Amino acid sequence: MTTRSCPCGLPEPYESCCGRFHSGAAAAPTAEALMRSRYCAFVRGDAAYLLRTWHPRTRPARLDLDPGTRWTGLEILGTTGGSAFHGTGTVTFRASYRGGSLHEHSRFERADGAWVYVDGDFPE
């Protein structure tokens with residue numbers, strides 16, 4: 001049996017990469033790690049994790065994921081802030097899916113000590 005790398009694009013297996021964040025065993029230490037784990041949650045259809053890691057100020061009441069979307073890759077294009085020494089951070093990324101891609105500049109903040117997604121815009 002072979003171990004596959006995490007869908008977020010890092011070489012570690014899912015369980016020791018984003019899986020530990022999804023299960024609640026650990027919290028994402030940086031805004032980029034949270035972004036990667038949220039992408040992985042989209043790949044896996046984990047709406048509960050996506051809502052749990054969304055800032056309460058901007059979180060939707062519910063999230064309906066399209067089960068037909070097949071995510072195929074994540075490319076981190078840039079980051080600002082978002083480390084253990086920051087309270088805010090941004091991650092610009094391109095997430096590819098069968099038939100297209102999504103380019104977003106996402107904003108993150110710490111809420112009760114944990115990184116959460118606030119919102120994003122779509123640069124062209």
Side-chain angles (χ1 to χ4, degrees):
M1 177 177 239
T2 61
T3 302
R4 299 183 70 191
S5 61
C6 190
C8 79
L10 295 178
E12 294 89 25
Y14 166 76
E15 292 76 19
S16 58
C17 192
C18 294
R20 62 196 172 113
F21 305 140
H22 293 175
S23 72
T30 65
E32 180 181 336
L34 181 64
M35 167 47 252
R36 287 180 178 279
S37 72
R38 286 176 55 82
Y39 168 81
C40 188
F42 275 102
V43 170
R44 297 177 62 87
D46 189 347
Y49 179 78
L50 292 165
L51 289 169
R52 191 168 68 245
T53 58
W54 209 311
H55 198 291
R57 182 176 75 241
T58 58
R59 178 181 352 174
R62 64 181 231 185
L63 188 59
D64 297 320
L65 301 178
D66 180 354
T69 301
R70 297 290 175 244
W71 297 98
T72 59
L74 176 67
E75 179 184 6
I76 302 297
L77 304 173
T79 63
T80 61
S83 78
F85 303 105
H86 298 104
T88 62
T90 67
V91 178
T92 303
F93 67 92
R94 180 171 293 110
S96 299
Y97 56 89
R98 215 173 276 155
S101 67
L102 170 74
H103 183 196
E104 183 173 321
H105 178 78
S106 298
R107 287 175 280 284
F108 298 86
E109 291 180 10
R110 285 191 184 268
D112 297 323
W115 284 108
V116 290
Y117 171 78
V118 176
D119 62 13
D121 52 52
F122 306 101
E124 285 304 316

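All figures in this text were calculated on a predicted structure; none of them were measured in a lab.
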Q: Carefully, step by step, assess R94 and L74 under the rule side chain to side chain contact (heavy atoms under 4.5 Å, CB included).
A: CA-CA 6 Å; R94 180 171 293 110; L74 176 67; over 6 Å; no
**Q.** Where F122 and L102 come nearest, the two heavy atoms and their spacing
**A.** CE2-CD1, 3.4 Å
Q) Okay, side chain of R110, backbone of H86: is any donor-acceptor separation there less than 3.5 Å? A) yes
(Q) Determine whether the aromatic ring centres of residues W115 and F108 are separated by less than 6.0 angstrom. (A) no
(Q) Quick check with a 6.0 Å cut-off and a 45 degree axis cone: is R44 positioned over the face of W71's six-membered ring? (A) no
Q: Establish, from distance only, whether the side-chain atoms of T58 and H55 form a donor-acceptor pair under 3.5 Å.
A: no
(Q) Return the CG to CH2 distance between L63 and W54, rounded to the nearest 0.5 Å. (A) 5.5 Å
(Q) Under a 3.5 Å cutoff, is there a donor and acceptor pairing between the side chains of T53 and R38? (A) yes
Q: Applying side chain to side chain contact (heavy atoms under 4.5 Å, CB included), run through E12 and C6 and close with a yes or a no.
A: CA-CA 6 Å; E12 294 89 25; C6 190; 5.6 Å; no
Q: Take E109 and R57 through the test salt bridge (charged side-chain N to carboxylate O under 4.0 Å, His left out) and record every step on the way to the result.
A: CA-CA 11 Å; E109 291 180 10; R57 182 176 75 241; 3.1 Å; yes
Q: Would you please test V91 and I76 for side chain to side chain contact (heavy atoms under 4.5 Å, CB included) and show each step?
A: CA-CA 7 Å; V91 178; I76 302 297; 4.0 Å; yes
Q. Tell me, do R52 and L50 make a side-chain contact under 4.5 Å, heavy atoms counted?
A. no
Q) Between the side chains of S96 and T72, does any donor sit under 3.5 Å from an acceptor? A) no
Q: Can you measure from CG (D119) to NE2 (H105) and round to the nearest 0.5 angstrom?
A: 9.5 Å
Q.
Give me the atom names and distance for the closest heavy-atom approach of P11 to S5.
A. O-CB, 3.6 Å
**Q.** Main-chain N/O of V118 paired with R107 side-chain donor or acceptor, under 3.5 Å
**A.** no
Q: Examine L51 and L65 and state if one hydrophobic cluster contains both, with Ile, Leu, Val, Met, Phe, Trp and Tyr joined whenever side-chain heavy atoms are less than 4.5 Å apart.
A: yes
Q.
Quick one about T30 and E32 (side-chain donor to acceptor, distance below 3.5 Å, no hydrogens or angles considered), yes or no?
A. no
Q: Heavy atoms only: give me the nearest S106-F93 pair and the separation to one decimal.
A: OG-CE2, 3.2 Å
Q. So, does R20 use its side chain to make a donor-acceptor pair with the main chain of C17 at under 3.5 Å?
A. yes
Q: State which residue, out of Y39, F42, Y49, fulfils the ring-ring contact (aromatic ring centres under 6.0 Å, His included) condition with H22.
A: Y49
